Structure formats: C-alpha cells, structure tokens
Amino acid sequence: MEQLVTSPDNSTTARSRTSHQLLQPPEQDAVAAPRRGRRTRRALALSALLAAGALTLSACGGSAEAGSGDGKNGQAGADAAAAKDASDAKITVSSKDGATDASINDTGVKVTGGKLTDVKLTVADSGAPVEGAISGDGASWKPGTQLERGTKYKLVANAKDAKGRSATENATFSTVSSDHSFIGNYTPDDGKTVGVGMPVSFNFDKVITNKKDVQSHITVTSDSGQEVVGHWFGAQRLDFRPEEYWKANSKVTMKIDLDGVQGGNGITGVQSKTVTFTIGRSQVSTVDMNTQTMTVKRDGSVLKSVPISGGSSDHPTYNGQMVISEKFTQTRMDGSTVGFGGEYDIKDVPHAMRLSSSGTFIHGNYWGSPSIFGNSGTSHGCVGLRDAKGGGGDTPGKWFFDESLIGDVVIVKNSHDKTVQPDNGLNGWNLSWSQWKAGSAV
C-alpha cells in the first residue's frame, strides 16, 4: 500500500576624530556702525582675540607649546603625542563595521597586546542584549548563541593593556539575510546510530549553482577508511556514500564548513558544524516477490524468514535497494495523497517504515486475511507484514519494526515493476559506483 505522509521531522568612550571647526571672524555689518572711541575699539578687539584663543584650545585640545609655527604643525604635534601614549591593546571584531553579510556563527572579538574588559552586543532596533563570555585569558569573546539572520547588531568592545591604558572598538553590522543565505537540512542527526545503508543527505533551501565550492566545504569521513564521495541530485540535493555499504560498527564524521561560502545567485552559506554518527550492526533484508517472503540477514547470517504480501499485479512494488528513512509506530495511509483516489484511507496502520518518498512503506497489516502472507501480493505497492490492530501482540510486523534501524536496507527483487529511482528516498545505492562518482562536482 502506498501513501504519502508528512514527515514529523540556534568604560572609555570610543575615540573618534572629528573635523576641526574653523573659527570665522565676525562678519562686517553692511551699514557702518556708530563711531566709537579708540580705547573702546582696542578693548573690543582684545576681548575678541582672547575669546578666539580660548575657543581654539577647546576645539583642538592642544596647548600653546604643542608646536611652533602655524596651527597645522601644532595639531600634528598634539596628534603625535597622543599616538605615542596610545594603548598597546588592539581589538579586532570579526564582523566589520557596516557589513551587511556578517556571519551568524562566527561573530566574535579578539585582542592582542592586552585583555578584554567588557564586550556589549545588542540588537540595534530593540536594544536587546546578546549574552556572551570573555575567555579565561581575556583574549577573546563570543556570543553564547547563534545570531539571527537578517538582523542589525551593535557591538562595543573595551580592553586594557599592561599599563592600564584603554582601547575601544565599535562596530555596527547586519547578519546575512534569509533571502541572501542558504542552509542545508541534513540527515542523519548528530549522535544517532543508523543502519549500514544510511547515506548523508543534504537538502538545500535554495538552488545551488556553485556546486563545486559547496561540496568541497562538506567532508564526510569514516574511521573504517572507506572512500566517501558526494553526488548531486539536481540543484538542491547532495548525498554522500561509500562504494559499498558502511562497515558495521564504524563511526562517520561530517564537517560542514559552509559559513561564508558563495552558493551562487547572491546567496551565502551560514552553517559551521561537525556531526558524528555511528553505524550499527549490519542488517539487510531481501524481499522476493516470487515467493512473497522476506529474508532478514544480520551481520551476514540469516536472522529470520518472514512471509509478506507485496504489491498486486496492478500495483507492483518497486525493485531495487531501498533504505528505511522513517519509522512510525502508527500512521495514517490515505490513497488520495498518492493518486489512488478514494481506494483506501486507513488511519491506524501499525509499524510503518518508509522506503521511498513517493509512498512505499514496509508496514504491519491487520486488515488482510492471514492466508495472503507468503502467498499473494495484495497491496498498492507496499510490503505488508501480518500484524494486529493497535500494534500489540507478538506479530511479524512488530518483530521487524523492533529489530530495524533507520538506515537499514530492504532489497526487493523479482517484482514486475521498474527499479526505484535513486533520488526517490535515500536510495542512491541503485547507482553503480562509476555513476555515483560521475555526479560529483569535486
């Protein structure tokens, strides 16, 4: 039986240099002023000169002895004196001031020649603070959480050198927006134990045209030493697998270094993460449609032979190697979701495991006569196992569900249907190794 279900599936103020204000002499009145005595005019002129001198000292911050000659040389002397006594602490902010494509993962602050004393990062619009921590040696600071995409932030960082002299750095930047960034939703998740057929599969939320750079910034390795190669299915899906099934009990590490990588068409990656998962025991089950029987092998030895009921002559089951991608203790199967009209709508199918994205499952069947299992194909393309309503009891359906991992392989042979497409589910094993490598962009 086929159906399509929806899968249930992070202080010193900054020193800024302003332009010096030129002091303009008072404008001459257009109409002559009344005549005054010579003493009065000299007194007014002296007062104006003294006032101008006071304003000049206030605006430029120098002194009468700062330099000789004209005012320009005097200011140069003041600047040189200030620079000579500047702090040795040099602060670097990873997100440059004014940036509009700052990372949501790697924003941080570093200092040389001193130690950070405090760092304040806030959301520019709301002023909401972003928590973070200075490292134990005072040399760096990082936010405690991933920044939001498409958000403007303000940062102020303060430090002091060994002599107690202060330094400050300010930066205002915006993180890369959702419209101009891309992410890859991947499987399996970190820390999972999966079957030997489980590929690493990325589905990107935007079309990738720069496939080579994107693929080269994702590495998948196994401690078994197996070579692992990527293969593109279209412009938004990238899977990785070895030539043969993963070695049982091996560990696989996936390093995602897409932060800042250009995916094409003005989009930039924002992910930086390392994921590790474990390959469990080897379980490969073979369904023979001629005998309506499934042989389950564990680590190369037959574990059990189970009678099944596969697809009917009108709705045969796909041939080929299929990987269990999801498990549901109970689910609804509605034929209308996969083009069968109102032929069936069973709301409590027990022990269902997905084999293709188009709706092929291996699942428990409580509504069929016990006589069909091992004798005839009656489903709409699924592989049925005898089961009980509600999933209780000691049944083949429950046994196989309990013994299976996501990533286990189910091979169907001798069906009258075609071989399942390699991108219909996690079923890239249906490509030869040469075909698989031909789909790599690296």
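Counting begins at 1 with the first residue of the sequence. Source: prediction; values computed, not measured.
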Discussion item. Does the Lys NZ or Arg CZ of R237 fall within the cation-pi geometry relative to W232 - under 6.0 Å from the ring centre and within 45° of the axis?
Written reply: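 So R237 doesn't make the cation-pi contact.
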Fill in: Chi angles and distances behind the salt bridge (charged side-chain N to carboxylate O under 4.0 Å, His left out) call for R165, D88
CA-CA 8 Å; R165 295 174 297 189; D88 290 332; 3.3 Å; yes
Practice prompt. Name the orientation class of the two ring planes belonging to H363 and W367 (parallel below 30°, tilted from 30 to 60°, perpendicular beyond 60°).
Written response: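 H363 vs W367 ring planes: parallel.
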Discussion item. Parallel, tilted or perpendicular: which one describes the rings of F182 and F204, with boundaries at 30° and 60°?
Written reply: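 Because their plane-to-plane angle is over 60°, the rings of F182 and F204 count as perpendicular.
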Worksheet entry | Criterion side-chain hydrogen bond (donor to acceptor under 3.5 Å, both in side chains) on S95 and T107, from CA distance to verdict | CA-CA 6 Å; S95 300; T107 291; 3.0 Å; yes
Just by distance, with hydrogens left out, do [X] and [Y] show a side-chain donor and acceptor under 3.5 Å apart?
{"X": "T378", "Y": "S376", "value": "no"}
{"X": "D213", "Y": "N210", "value": "yes"}
{"X": "N185", "Y": "N203", "value": "no"}
{"X": "T117", "Y": "N158", "value": "no"}
{"X": "H315", "Y": "S312", "value": "no"}
{"X": "T278", "Y": "T193", "value": "no"}
{"X": "K154", "Y": "T122", "value": "no"}
{"X": "D223", "Y": "S250", "value": "no"}

To the nearest 0.5 Å, what is the distance between [atom1] on [X] and [atom2] on [Y]?
{"X": "M333", "Y": "F328", "atom1": "CE", "atom2": "CZ", "value": "8.5 Å"}
{"X": "E227", "Y": "S222", "atom1": "CD", "atom2": "OG", "value": "12.0 Å"}
{"X": "S178", "Y": "R149", "atom1": "OG", "atom2": "CZ", "value": "4.0 Å"}
{"X": "E403", "Y": "S285", "atom1": "CD", "atom2": "OG", "value": "10.0 Å"}
{"X": "S325", "Y": "M198", "atom1": "OG", "atom2": "CE", "value": "7.5 Å"}
{"X": "S94", "Y": "D106", "atom1": "OG", "atom2": "CG", "value": "7.0 Å"}

Could you check whether any side-chain N or O of [X] sits under 3.5 Å from a backbone N or O of [Y], counting only pairs where one atom can act as donor and the other as acceptor?
{"X": "T175", "Y": "G150", "value": "yes"}
{"X": "T360", "Y": "S356", "value": "no"}
{"X": "Q271", "Y": "I256", "value": "no"}
{"X": "R298", "Y": "G300", "value": "no"}
{"X": "K206", "Y": "S181", "value": "yes"}

Within the structure provided, determine whether [X] and [Y] are in side-chain contact (heavy-atom separation under 4.5 Å).
{"X": "Y318", "Y": "N424", "answer": "yes"}
{"X": "F240", "Y": "T219", "answer": "no"}
{"X": "L385", "Y": "I362", "answer": "yes"}
{"X": "S87", "Y": "S166", "answer": "no"}
{"X": "T221", "Y": "V252", "answer": "no"}
{"X": "V412", "Y": "M289", "answer": "yes"}
{"X": "M254", "Y": "Y186", "answer": "yes"}
{"X": "I279", "Y": "V194", "answer": "yes"}

Item to complete: Let me see the working for D101 and K96 under salt bridge (charged side-chain N to carboxylate O under 4.0 Å, His left out), right down to the final yes or no.
Response: CA-CA 10 Å; D101 58 351; K96 296 185 180 299; over 6 Å; no
Worksheet item: Is it true that R281 and D408 have a side-chain N and a carboxylate O under 4.0 angstrom from each other?
Response: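 Salt bridge flag = yes for D408 with R281.
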Worksheet item: Any ring-ring contact (aromatic ring centres under 6.0 Å, His included) pairs touching residues 393-431, not counting sequence neighbours?
Response: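 Listed by first then second residue: Y245-W429, H351-F401.
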Worksheet item: In chain order, what residues pass the side-chain hydrogen bond (donor to acceptor under 3.5 Å, both in side chains) check against S434, with sequence neighbours excluded?
Response: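 S432.
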Please list, one pair per line, the donor and acceptor atoms closer than 3.5 Å that link side chains of residues 137-144 to other protein atoms, with sequence neighbours excluded.
| unit_1 | atom_1 | unit_2 | atom_2 | d |
| --- | --- | --- | --- | --- |
| D137 | OD1 | S135 | OG | 2.6 |
| D137 | OD1 | A139 | N | 3.0 |
| S140 | OG | S135 | OG | 3.2 |

[X] atom [atom1], over 12 foreign heavy atoms within 6.0 Å:
{"X": "D394", "atom1": "CG", "answer": "no"}
{"X": "K192", "atom1": "NZ", "answer": "no"}
{"X": "K398", "atom1": "NZ", "answer": "no"}

Worksheet item: Tell me, which pairs form a salt bridge (charged side-chain N to carboxylate O under 4.0 Å, His left out) where one or both residues lie in residues 370-390, sequence neighbours left out?
Response: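 Counting only pairs at least two positions apart or across chains, the salt bridge (charged side-chain N to carboxylate O under 4.0 Å, His left out) contacts touching residues 370-390 are D348-K389.
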Worksheet item: If you look only at pairs with a residue in residues 423-442, which of them pass as a salt bridge (charged side-chain N to carboxylate O under 4.0 Å, His left out), with sequence neighbours excluded?
Response: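 Non-adjacent pairs meeting salt bridge (charged side-chain N to carboxylate O under 4.0 Å, His left out): zero.
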Worksheet entry | S440 and its side chain to side chain donor-acceptor pair (under 3.5 Å) partner, picked from K211, H231, Q215 |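 Of the listed options, the one satisfying the test is Q215.
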Item to complete: Kindly state each residue pair satisfying side-chain hydrogen bond (donor to acceptor under 3.5 Å, both in side chains) with at least one member in residues 255-264, sequence neighbours excluded.
Response: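 Output for this query lists S103-D259, Q262-T268.
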